[in-house]
Amino acid sequence: AYEVDQNNFVSAVDNSVAVLTGRRLDSNSKFTLSNFFSSYDLDQFNKVQLNQLMGGLALFCLGRKSAKLAFSFGLFDGRNNNTANHANINDPSKKGETGAALNGDELFLFLRSFLIVLFSCCAQSLELTSDGVSLWIHDTSKMVCGNVMRFQWNNGKRCVNFDDFGIWYNQGGFEVAPWLELLDLNKWFLGQKPSMPNESSKNSQRYSTNIPNADSDLHAPSMDSPMGDFPYDFAGEFEQIIGQHDEKENCVNPSNTSRVEDNATSSSSLTFQLLMNDRDQGVTISITQLRVTSLRQLLTESGFFRMEANRFCTLLISYSDKASGALSKDQYDNAMRRIVLEIGVTMSPETQQRLSDLLTSLFFAFDREKRAKVDAIEFAAGMTVLCGGRKSDKLEYAFELIDDDRDGKLSRQGLWRFLRSFLTVLVSLSSPDNIKKDERIISAVDNGASWAVSQAFGPESNSRLISFDDFAAWYTKGGYGIIPWLELLDLKKWVVFS
């Protein structure tokens with residue numbers, strides 16, 4: 001493929017930046033780029049293939065993770081890049097592939113291009129020798145590549161196109177290569193979006209390659225997408241690759257800046273931002289991996305996650321007081337005994353006690369007035385988080401539950417109850433005591449739901465009602481960045497993976 005030396009690479013980037021922004025790189029930036037180049041110059045020949053550098057540089061560019069992956073994927077198809085390995089031009093494994101497709105060797109280089117730059121940003125890599133870092137990068141790229149190609153082999157294919165790669169990722173690849181989520185810079189800056197350069201200043205000449213369709217299910221977040229662009233992440237997954245992990249538990253951190261928390265909690269927790277306005281970063285909600293692992297074991301051993309949301313809610317609501325719509329603690333206990341009996345799983349005494357503790361803590365998280373009673377409908381809607389099924393199905397069913405007059409629409413108050421029900425459960429899972437004892441967190445949940453409602457209806461809207469389809473459209477078109485925690489309704493994304 002095309003090669004470039006260090007001086008020409010730094011000069012080319014400097015010129016590109018000047019065209020895009022009107023500014024030149026300073027000496028520190030050029031020094032950083034030189035080091036970046038050296039990370040790819042594994043043989044120390046002062047020559048690096050251009051597609052590998054471009055793939056790595058994509059990490060630092062604006063745009064969605066999906067668009068970066070799509071662009072970079074096309075760079076590594078040897079049929080498009082004047083590769084020195086002429087065998088790739090007529091690769092028989094790619095017969096019938098009209099778009100970009102990679103064989104095993106090309107896929108390895110594609111994955112490695114991202115890992116090289118990610119490792120260069122990882123503080124723990126400073127503790128390793130250069131050979132040690134190279135070994136980690138090589139072995140990790142080889143492991144992921146092997147997993148993808150094995151998936152393809154089982155499906156009767158010897159190469160992988162971008163749609164195939166998306167299917168692999170959706171069906172469990174996100175567990176094998178969680179670090180790909182870091183291509184989204186919003187994951188690094190906690191949702192703060194860098195300003196876009198003026199469109200008129202962009203250079204119209206671009207590197208010519210066969211770029212796959214960037215609008216497939218791999219990229220576009222949707223109510224049904226098994227992957228989407230996760231607006232949350234396990235910050236500790238990348239550190240685990242090089243053996244760093246901490247299980248300290250510290251569950252809720254207020255944050256008014258875009259700086260990633262520099263502590264053990266943020267490096268070992270599933271975190272999401274609970275936004276309450278458009279002026280700051282809101283509150284960081286953290287669910288430690290220790291709690292996630294415990295929840296996974298509990299829901300698996302009890303069989304609780306296998307119950308569909310509609311059946312669970314029907315049983316739960318049937319025990320409530322029909323006149324007041326309230327569910328007392330005694331009624332709740334009776335309902336849960338019935339539900340556990342219907343699940344039909346024999347649990348150990350320890351699992352029974354842990355399940356009882358979890359369910360009790362969730363009940364009292366909804367008992368805002370401390371009367372040992374909760375709103376049965378709102379409580380049932382929130383509890384669907386722990387049930388089986390797709391996120392979209394849970395949302396639609398909970399929407400119908402909250403829709404008292406059955407007109408297919410919710411008022412602002414109704415949508416607030418709808419969103420608050422899920423938030424209450426998720427925050428309670430981060431720490432049962434927080435939601436019961438900390439008025440600040442209770443207020444954050446209420447305000448976070450209220451802010452989301454104002455955004456879903458539209459700041460300038462006078463509308464008083466919203467349909468589920470309109471809510472889904474808002475979420476897909478950008479609402480996922482305001483309420484990223486909604487993705488956690490799909491247990492397969494973070495708790496039960498199979």
Side-chain angles (χ1 to χ4, degrees), residues 1-6 8-10 12-14 16-17 25 28-76 81 102 106-145 165 169 174 176-189 194 207 209 229 233-242 244 260 267:
Y2 298 105
E3 291 184 331
V4 64
D5 61 30
Q6 184 179 103
N8 283 327
F9 167 69
V10 174
V13 175
D14 185 27
S16 298
V17 170
L25 297 178
N28 288 333
S29 298
K30 290 182 179 180
F31 178 76
T32 300
L33 281 172
S34 296
N35 286 337
F36 177 84
F37 180 93
S38 298
S39 298
Y40 285 84
D41 187 14
L42 301 179
D43 296 322
Q44 299 182 357
F45 290 155
N46 193 32
K47 293 284 185 180
V48 175
Q49 292 185 0
L50 190 57
N51 59 345
Q52 296 186 40
L53 288 167
M54 293 176 69
L57 275 177
L59 173 71
F60 300 115
C61 296
L62 296 175
R64 296 182 304 161
K65 171 194 65 189
S66 52
K68 296 178 185 181
L69 283 170
F71 171 74
S72 299
F73 197 90
L75 296 175
F76 288 86
N81 295 325
L102 308 182
E106 293 164 342
L107 181 65
F108 170 82
L109 295 175
F110 166 74
L111 295 166
R112 192 183 67 172
S113 71
F114 296 125
L115 273 176
I116 288 175
V117 69
L118 286 173
F119 263 80
S120 70
C121 296
C122 182
Q124 287 87 345
S125 65
L126 297 176
E127 301 172 7
L128 301 174
T129 64
S130 58
D131 288 342
V133 171
S134 296
L135 182 62
W136 276 111
I137 293 172
H138 177 275
D139 288 352
T140 303
S141 303
K142 186 176 181 180
M143 178 272 292
V144 177
C145 179
F165 188 76
Y169 195 92
F174 57 87
V176 180
W179 41 268
L180 283 174
E181 291 299 312
L182 296 177
L183 268 67
D184 182 354
L185 291 182
N186 287 328
K187 304 272 176 64
W188 298 54
F189 298 112
Y207 186 86
T209 185
D229 272 318
D233 66 296
F234 270 114
E237 289 289 343
F238 186 61
E239 279 75 10
Q240 285 184 50
I241 296 176
I242 55 176
Q244 301 296 321
V260 178
S267 67

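Starting from 1, each residue takes its place in the sequence as its number. When reading the values below, keep in mind they use all heavy atoms of this one structure, side chains included, and skip hydrogens, waters and symmetry mates. This one's a predicted model, so the numbers in the text were calculated from it and none came from an experiment.
Ring geometry, Phe165 versus Tyr169: the interplanar angle falls from 30° to 60°, so the pair is classed tilted.
Annotation: side chain of Leu102 is in contact with side chain of Phe73 (closest heavy-atom distance under 4.5 Å). Residues Phe110 and Leu69 have side chains in contact (heavy-atom distance under 4.5 Å, counting atoms from C-beta outward). Counting heavy atoms from C-beta on, the side chains of Leu53 and Phe36 come closer than 4.5 Å. Put simply, the side chain of Met143 reaches to within 4.5 Å of the side chain of Val176, judged on heavy atoms. Counting heavy atoms from C-beta on, the side chains of Leu180 and Val144 never come closer than 4.5 Å. Counting heavy atoms from C-beta on, the side chains of Leu109 and Arg112 come closer than 4.5 Å.
Note that OG1 of Thr140 and CZ of Phe114 are 15.0 Å apart. Values are rounded to the nearest 0.5 Å. For the atom pair CG (Leu59) and CD1 (Ile116), the distance works out to 12.5 Å, reported to the nearest 0.5 Å. Here the straight-line distance linking atom CD of Gln52 with atom CD of Glu3 works out to 9.5 Å at 0.5 Å rounding. In this structure, CD1 in Ile137 is found 9.0 Å from CG in Leu118, a value given to the nearest 0.5 Å. One distance of note links NZ of Lys65 with CG of Asp184; it measures 7.0 Å at 0.5 Å rounding. A distance of 10.5 Å separates OG in Ser113 from CZ in Phe108, rounded to the nearest 0.5 Å.
For Ser72 against Ala58, the heavy-atom pair with the smallest separation is OG-CB, 3.8 Å. Leu115 and Ser141 get closest at one heavy-atom pair: CD1-OG, 3.3 Å.
For Lys142, the salt bridge (charged side-chain N to carboxylate O under 4.0 Å, His left out) test picks out no residue, with sequence neighbours left out.
Surrounding CZ of Phe31 are at most 12 heavy atoms belonging to other residues, nucleotides or ligands under 6.0 Å away.
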Would you sort out whether Trp179 and Leu111 count as a side chain to side chain contact (heavy atoms under 4.5 Å, CB included), showing the intermediate values? CA-CA 10 Å; Trp179 41 268; Leu111 295 166; 4.0 Å; yes

Going through the checks in order, is the side chain to side chain contact (heavy atoms under 4.5 Å, CB included) test met by Phe37 and Val4? CA-CA 10 Å; Phe37 180 93; Val4 64; 4.2 Å; yes

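No donor-acceptor pair under 3.5 Å is formed between the side chain of Lys30 and the backbone N or O of Val10. Put simply, the side chain of Asp14 gets close to the backbone of Leu25: a donor and an acceptor are under 3.5 Å apart.
For the side chain to side chain contact (heavy atoms under 4.5 Å, CB included) with Phe9, the qualifying choice from Asp41, Leu33, Asn46, Val48 is Leu33, the only one to do so.
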